[in-house]
Each structure stands twice: as structure tokens, then as C-alpha cells.
Amino acid sequence: MKLAKAYEPNQYEPNIYALWETSGAFRPSGKGPTFSTVAPPPNANGNLHIGHALDLTTKDIVVRYKRMKGFDTIYIPGADHAGFETWVVYDRELQKKGQSRFDFTREQLYSQVWNFVDQQRGNMELQVRALGASTSWEHLVFTLDEKVIKTVYGTFKKLWDEGLIYRGERMVNYSTKYQTSYADIEVEHRQEKGKLWHLAYPLIDKIGEIVVATTRPETIFGDVAVAVHPDDERYKDLIGYHVLLPLTGREIPIIADEYVDPEFGTGAVKITPAHDPNDFEVGKRHDLERIQVIDFDGRMINVPEQFLGHDVESIRPKVLAALKADDAIRKEEDHEHTVGYDYKSGLPIQPLIKEQWFLKIQPLAERALAALDNNEIRFWPASKAEVLKQYLRNVHDWNLSRQIPWGIPIPAFQNVDDPADWIFDERVDEEFITVDGKRYRREEDTFDTWFSSGQWPFVTTDALDGGELARFYPTDLMETGTDLLDRWIARMIMLGLYRTDQVPFRDVYLHGMVLDENSQKMSKSKGNVINPMDSIAEYGSDALRLGLIASRSPGQNQAFSTDRIISGRNFCNKLWNIARFVENLLGDHYELATPVPKTLADHWIISELKTANDNIERSIDSYRFAEAGENVYHAIWDSVADWYIEASKQEPNHDLLAWVLNTSLKLAHPFAPFVTETIWQTLPWNNTILMTEGWPTMINYSEIAAGEFARVQELVTEARFVANSLPGNQRYNLVYFKDSLIEDNQTLIKRLAKLGDIELVDQPRGVRLAVTGRDAWLDVSAATLAEHQTNLEQRLASTHSDVRALEARLGNENYVAKAPAKLVEETKNQLQDKQELIKRLQQELEVLQ
RNA sequence: GGGCGCUUAGCUCAGUUGGCUAGAGCAUCUCGUUUACACCGAGAGGGUCGGGGGUUCGAAUCCCUCAGCGCCCACCA
């Protein structure tokens, strides 16, 4: 079987994945200690973006490594119904057809979206496969699967029974565009330069006016009071009086409330309980009426004829014009403040009053905090633990209700005769139910997606009912983007502790965002989105994986780099060609045999691979993927290809070459699974699947022999350097005094350093290879010799400065006294070496002069 | 208003608990048609680690401070 000259990833990748999948390699082995991780479920009807690629790759590296290490390993894939996200897409489809969600019942909409998602669903899963993720497909969980809903209802019931669920009329973040409320964290706050308008409200029964300051004059129609601070001398006497509300002629009272900051604005605040969270609270304290003037569709209601039905976004200038006509504007000043925006539609979020289901978050947050304080979960980067604690300390009650049909229905029913009487019941398919002779109507809202996603680790592992995967809970690693720290990680910890009394995962690794090549955030509107599937088509899946993890550290945003992907592709090709070389040499009928190191190079390469192996293990264990990848890259490219293969051309050791190749493939497999498995499958002496092979085991070697080879390398490198720095491109001969290292490795040195001949002499001639300290010379003509002088002078100068630095260090009594003895000893040896080198260099210079 | 992070070679970034001459990829320069690979090989140049101060025998790494950049959280109208 012959390998093609260059590796063509697309020719092999799909077949290799199919081989893994059909052989059951993704299934947990059932043997050894467990290791588990759960994929953050990508949107079922969407396409993977570059962030998913990083996500899946990072986990896959750990998972493949652990599997090879003998762990009973599972990587659980998922698909997300992505409630709101998907709904927005479907809503657009409806609009295209000229339809509206209000034309259908919840059931109708639900099944329409279900079909819509079902049509698209395969894409995402194919893309996960294209990335090489070794997920156990038969354990895939969709967020609307029966078992998910069952668990979510169980959690809701438990919370309900324990008094942690309440239904309340509260100020919610409302999207008038999508007609649903949001959780606090879904609101995007933007710093804005706005205006602060000072509006005059004339007093009744008293001469004068009171001036209020507001950023939202259009809410004036909902004003029910003016509030001042009780101790504010300016207004003390006015408390209890009434003012005439401009544009409406309504009379409203002046009240006193501590909430007012006398320093801000005019010290008098218009109170609009229906449209401002603070005013809502003031309103409750003072038992004020709530007048809703902005409807849930964003149009003005309960306002004078001329404003009625207008869109709230465009009404402000009209209101200001009317106020101006009434001579009610006293002042207009610039004012910077933050405005909450709908992250999806880009329109401002309206604070509106709505009855919703809330979760009392305090007790859950406290438990999560305690677990974090106990260091039950480790974070990469570590600083994120503090950020998360900060969030948990300040978190507000969680609004679980969403007014969209695509989601898990909230299992609650309301007594038709008694609105305050709500009961829990799972018969959500029925609009009305009868319990104890009373008739109940169901809640039409669905759960916030994160309420179900927050239960993901124990849902997917069936931890609550001890299913076959229950042994994998708590999971070992949770890896996702930093942006999901509070919306997802926090919820999983809180709900995990609540339901299972255990933290849902032990390690949390957070990656930053993948930015575009110019370090800009990728977005559809900017048109700078990089599609991972395009990268795979062009460079191969392994190249994408290698390129994505290179130089990337946790929590840090980093630009996508085509150069790094190309470098990854080149690495795959290098691996391919190493295999080609070995296969050509060993032939189709070679059979694996116990390798025995013979040459110096043999001993050396074993030592190199052992060091690489140790470094790779350590790096993966501490989630330093870039570092691990670099170790793989250099061990294989520099040590195996550039030195060992070259040395093998002189004196091949077949059994060891096979071992070196197989070991290289194993070490590289977690990072570049496709090319390594492709090669493994092609090699006639392997008849297993690399993916489920064990992690490499090392063989014994001689440190002394390995060290000898390192000295050969030094000599070769210097010979190359000197030859390179001399004019012309000729092969030089090497002459030497009696030296067993050179004697024994003549042909190898000759080959590696591209020398002419090697000759034993008793009189030196030419340029001495002074740095290595051997009595060896490149036999160059007298004319060329002079050219070498500069080299020597430069080396001499830099060695002198090294010596000065070392001497200064050793001259420091404190250093000698306080630094570790080993370090001091090393420094002394270095100084000695450098001093000897100076002597040699000086001798050489004398010869030249 | 709080919190977090970044500033290291021309570019993009690594650098674990302070300790050999601060690394990588790409780019640059010189040389190379050795039958694994030009998606290649050999060699080289390039950094006062943002500025200043401190702790220490020793600082890119710890502390303080200044400057520039970025992100997250927060119901001051």
C-alpha cells in the first residue's frame, strides 16, 4: 500500500469518522476510572460557528487523551431547541408568509417549529462530525426530549413545593418586538449620550411650580406623583400639595420618598410606576395607581388622542413639541446614561409590568457561593471564579416566563374562578383541567431556555434516576465560552447543587472569543464571519483544530489566524511524509517486533519522545492546550523528522522506526485525529483503531548514548554554521585529532553536516570547530580562512559578556549564600565552560593573525 | 459606580509556583534540485518584556504608581 505524495484531508476524513462511529469507538469502554464532559448543545437548526469549533476541539483533545489513557470516557453531544433564538428565526418565516403567531394556538405553533427544526437538524450534527468530535452519538440529548422535560418539571415542582417559585406582578424586561420578557442578563446595556429634560408641573392651591428632571418625557402620561426627598429643604413645604400634570390636566400629589437623590437633577422626580423599576417600588410603598401608557406591542395607550396608537420609539419629539407649546420645558441638558436594549432586535427594552413566574434565587445562589468558597470547582482562568462570585452575590430573582410558544410549557394551571389559585400540573397538553371539582386553565408561557439548560449535566447523565450514565455525574470538565459564565455556568451550579447536592462539574475551562483576523468581533452584519466548514474544506479538519488551539490561552479573546491553520496543515503533511518514509523503508510485509535501540540516535529519540510525552501529559492535565500542541509539533517535526529520520538514512533500525512512528501518531492523535488515524489504518503492520489504542508506553534507553548523540548534533550544527558563514557553497572536508565520538560516527556526521571527507590528522588545518571544543577543523583554504575571523570575533565578544555576567553573579555573596546550591553549582560550571571557550576562540584568532 | 483583563520580536501571541542565554507561528535575510516532504531542508538577524518606583541574591513573573486599550456587571430619574 503506497501513500500519496501529499496528504489530502478531504479524501480521508469522512471515511475515518465513519470507521470510528461504526466500530463503537465513541462509546464509554466501561473499564477504568470515569471521565466525562458534556458538549454545550449547539442550536439544533443552526450551523456551527467558529466558536463551536474551538469548543468542540478543546474538549475533544482532553476526551481523546483520557480515552487513550484508559479512562472510561464519555463526551455527551447535545442539540438545543434554543427557544428564543429559534423562535426569532421562525417568527421571521411566518412574517414572510404574511402570518402572525396570533393566528395559531400554542400547539399548532409548537408543531410547526418542531417540523422546521427537524428539517434542518442534520446539518449541525454533520458539522460536529466533520470537526472530529468523538461524541457518543447514541447518547445525544435534545433539549426537548421527554427526559429533559420530565426532569425540568421535577425541578420546578420541587422548587414550587419548597416555596421558591412565586408568581408576581413585577417590572420585567420586555421586548416589544418579540413580545416576550427577558431575564436580566439578556438585556444589553449601552452607555448613551441622552438628554435630561427639566419639566415644570404647576402647583395647585399654591403659586408656583415644581420642576422635575426626566430622560423619558413620553412617560409623562403615566405619572401618578412627584417625589422629593423628605429632608430636602427646597421642597419640604410642598409635600402633600398637588400639581397639574401637563398635557393631561390630571392632578397628582407631591410625595416624600428616601429613594430620591436631592443632588441629582432638580431633586424632584416624576413617578411612573408602570414604566420604571424604581418608580414601581415607590408606587408600591405609597400605594399609587399604575397607569400603563406603553402597550406590550410598543404603542401608546391611555394617552390623549393625538398620541394614541403611536409607536413609543417615535413619540418623544411629538411629546416634547406639545410640552414646549405648553411652555412646560425649563431646561434641556446633556446627560450620559445607560439604556437597556433588546440584544436581538436592537430596540430599547421596555420595563413593563407583567405577571410572571419567578424563582427566588437567593438560597440557590448562597449554596453555589459556598461551594465556590470551598473550592469545589476549579476555574481556568482562575480569576473567573471571583467574577462568578460577584455575580452570585448580586443576582436578582429569576424571571422564568417567556411568552413564546417554542419551549417547554410551564406546568401550571390557574383556577378560572379564583385568579390567585395556581396549581402545579403536568397535563400541559390540555387547555383546561378539573381538579377537586374546580376548573383550571393552563399557563400559556414557556420556560426560559436557561432553566432547562441549567440542568444539563445531571439531565444528560440521568444522574437523578441512576441510569447507565449516572456514574459519569458529576462530570469532570465543563468547557465553554466566557460569555456564558453567568447565564449558563452559574445556573448549572445552582440547579445542580439544588437537585443533586453535588456540584455538576469539577473543572471549568472557559475560552475567549474567536475574533476575525483583524481582531474584530465576528458578526453577520459586518460580514466577517469565518465558517469553520470552509476552513475544513480548504485545509482539513486537523489543520483547523491545530490552528485554533495554537497560542490560545483560557479566557482570552484571540484573532483567528489563517497562518496558524496553514501551519497546522503543513504539520499534518509532515506527519504523512514521515509515515511515507518509514513505510517505504520497512515495506508491506514488515511485522511489529520489540524495538531495541542500537545507534546513538536510537537512544536519543527515545529520550526525546519520553520528554515530549511527559510535557504533553502535564500540559493537557493542566489544560494548557497550546503548550501541549507545541510539544507535539516540535517533538515530531524537529526531533523525529529533522534528526531521527535523517540519522536513520545512515543506519535504519526498522523496529525502532516503527515504534517511533506509532508513538508519534499516538501523541499527535488527540490534536490531529484524522491524519493520525488515516496513517495508522494505512500502515500494514497496524490492524487496530488508533483512537482506542492505549497512550504510548516508553522503552528503556541509555542516557549516556542519548547524550553522545546530542554531542554529535552540536558538532554537526557548528560545522553547518561555519560552512554557511563562509563564502561559496562547497562541501568541506573535516580533519580531526584522535576523537572516538568522531571516529565512531564518521559517516553519520559526514551525512548530516554535508561534509566531503573526514580525515584523521596530527597537524590541524583550516577552521577549528571551537565552540564544541573538539579537536576538529573544517579544511578550508587560507584565503577563505580570513573570512572566518569576524565570526570568531563576534563569538568571542558575546562569550566575554556572558562570562562577565556569570562572574558578577558569583561575585555576589548573597547569591552564593541564598540561591539554591544546585543553581550556584550550575552557574560555576557554566563559567568554567565559557572560560574554556574563550581560550579556544583566542587560540583560533592567533592562528589567523 | 463596581469588577476583570490586556500592553513581550515587524505581525499574531505563549511564558505553570520569581531562577540557565525570554520562546512559537508567520514575515525577513543567506544558502540548498541529499530518491519522506518546496505544505521542504540548513543557517542567520530581530526584544532596555508600556513608563517610573519598590521588594528580592535574582523580576516579563510579586507590590505600588502613571499611561494607553478592551471586556463584563449595575433598576440613579
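What you see is a predicted model, and the numbers here were worked out from it, not measured in a lab. In what follows, chains are A, B, ... by sequence order, proteins preceding strands, each numbered from 1.
Rounding to whole angstrom units, CD of residue A:Gln556 and C1' of B:rC6 are separated by 6 Å. Remark: C1' of B:rA22 and CD of A:Glu630 are 13 Å apart, rounded to the nearest angstrom. If you measure from atom CZ of A:Arg393 to atom P of B:rC4, you get 11 Å, rounded to the nearest angstrom. The separation between A:Glu517 atom CD and B:rG25 atom P is 18 Å, rounded to whole Å. Straight-line distance from the CG atom of A:Leu831 to the P atom of B:rU21: 12 Å, rounded to whole Å. Separating the CG atom of A:Asp638 from the C1' atom of B:rG43 is a distance of 14 Å, rounded to the nearest angstrom. In this structure, the CD atom of A:Glu218 is 14 Å from the P atom of B:rA77, given to the nearest Å. What separates NZ of A:Lys521 from C1' of B:rC71 is a distance of 9 Å, to the nearest Å.
The separation of B:rG15 from B:rG5, taken at their P atoms, amounts to 14 Å, rounded to a whole angstrom. Atom name C1', nucleotides B:rC73 and B:rU28: the rounded distance is 45 Å, in whole Å. Distance noted for atom C1' between B:rC29 and B:rA9: 15 Å (whole Å). Comparing B:rC71 with B:rC31, their C1' atoms sit 48 Å apart, to the nearest whole Å. If you take atom P in B:rA22 and the same atom in B:rC49, they sit 11 Å apart, rounded to whole Å. A distance of about 12 Å separates the P atoms of B:rC63 and B:rC6, rounded to the whole Å. Comparing B:rC62 with B:rG43, their C1' atoms sit 40 Å apart, to the nearest whole Å.
Each of B:rA77, B:rG19, B:rG43 was ranked by its minimum atom distance to the side chain of A:Phe264; first place goes to B:rA77. For A:Gln390, whose side chain is taken as the heavy atoms from C-beta onward, the closest listed nucleotide among B:rA77, B:rA36, B:rG3 is B:rG3. Side-chain proximity of A:Val269 to the nucleotides B:rA36, B:rA77, B:rA74 is greatest for B:rA77.
Judged by the 6.0 Å distance and 45° axis criteria, A:Arg491 is positioned over the aromatic ring of A:Trp398.
Judged by closest nucleotide on RNA chain B, A:Ile185 is the one of A:Val260 and A:Ile185 placed further toward the 5' end. Toward the 5' end of RNA chain B, the nearer of the two residues A:Pro554 and A:Pro820, judged by each one's closest nucleotide, is A:Pro554.
Between A:Lys574 and B:rG41 there is a side-chain polar atom (N or O) within less than 4.0 angstrom of OP1 or OP2. Contact annotation: A:Lys384 does not reach the phosphate of B:rG3 (side-chain N/O to OP1 or OP2, under 4.0 Å). Close to B:rG41, at under 4.0 Å from its OP1 or OP2, lies a side-chain N or O of A:Trp637. Phosphate proximity of B:rU21 to A:Arg809: present, with a side-chain N or O under 4.0 Å from OP1 or OP2. Look at A:Arg580 and you'll find a side-chain N or O under 4.0 angstrom from OP1 or OP2 of B:rC37. Between A:His634 and B:rA24, a side-chain N or O to OP1/OP2 separation shorter than 4.0 Å is absent. For the OP1/OP2 pair of B:rC76 and a distance below 4.0 Å, the side-chain nitrogens and oxygens of A:His337 include no atom meeting the criterion. Side-chain N/O atoms of A:Ser553 include one lying less than 4.0 angstrom from OP1 or OP2 on B:rA14. For B:rU16, the OP1/OP2 oxygens have no side-chain nitrogen or oxygen of A:Arg624 closer than 4.0 Å.
Within 4.0 Å (heavy atoms only), A:Pro381 reaches no atom of the nucleic acid at all. No contact: A:Ser561 has no heavy atom under 4.0 Å from any strand. Contact annotation for A:Asn812: backbone-only contact, meaning every heavy-atom pair under 4.0 Å involves sugar-phosphate atoms and none involves a base. Looking at heavy-atom distances under 4.0 Å, A:Asp642 makes contact with sugar-phosphate atoms alone, never a base. Using a 4.0 Å heavy-atom distance criterion, A:Glu646 is classed as a base contact. Among the protein residues, A:Ala805 comes within range of no part of the nucleic acid, since none of its heavy atoms lies under 4.0 Å from any strand.
Donor-acceptor pairing under 3.5 Å, judged by distance alone, is present between the side chain of A:Arg564 and the base of B:rU12. The base of B:rA38 does not come close enough to the side chain of A:Lys5 for any donor and acceptor atom to sit less than 3.5 Å apart. Interface remark: the A:Gln558 side chain does not form any donor-acceptor pair with the B:rC13 base, using a distance-only criterion of under 3.5 Å.
Of the inter-residue distances, the one linking A:Leu388 atom CG with A:Leu485 atom CG reads 4.5 Å to the nearest 0.5 angstrom.
B:rG10 and B:rC26 make up a base pair, with Watson-Crick or G-U wobble contacts both under 3.5 Å. Searching all strands for a Watson-Crick or G-U wobble partner of B:rG70 with both distances below 3.5 Å returns B:rC4. Pairing for B:rG19 is with B:rC57, a Watson-Crick or G-U wobble pair whose two hydrogen-bonding atom distances lie under 3.5 Å. For B:rG47, there is no paired nucleotide, since no Watson-Crick or G-U wobble pair has both relevant distances below 3.5 Å. The partner of B:rU35 is absent, by the rule that a Watson-Crick or G-U pair needs both atom distances under 3.5 Å.
Closest approach of A:Val675 and A:Asp542 over heavy atoms only: N-OD2, 2.6 Å.
Under the 4.0 Å criterion applied to side-chain N and carboxylate O atoms, A:Arg285 and A:Glu258 are not assigned as salt-bridge partners. Using a 4.0 Å cut-off between charged nitrogen and carboxylate oxygen, A:Arg393 and A:Glu386 count as a salt-bridge pair. By the 4.0 Å N-to-carboxylate-O rule, A:Arg170 lies close enough to A:Asp397 to be salt-bridged with it. Contact check on A:Lys822 versus A:Glu825 returns no salt bridge, with no Lys/Arg side-chain nitrogen under 4.0 Å from an Asp/Glu carboxylate oxygen.
A donor-acceptor contact closer than 3.5 angstrom links the side chains of A:Ser181 and A:Gln356. A:Arg580 and A:Asn577 share a side-chain donor-acceptor pair at under 3.5 Å.
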Exercise. Could you write nucleotides 26-32 of chain B as a row of B, S and -, 5' to 3', where a protein heavy atom under 4.0 Å of any base atom gives B, of only sugar-phosphate atoms gives S, and otherwise -?
Worked result: S----SS

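Although no hydrogens or angles enter the test, the distance criterion places a donor-acceptor pair under 3.5 Å between the side chain of A:Ser725 and the main chain of A:Val722. Listed for the A:Arg330 side chain is no donor-acceptor partner under 3.5 Å among the backbone atoms of A:Val211.
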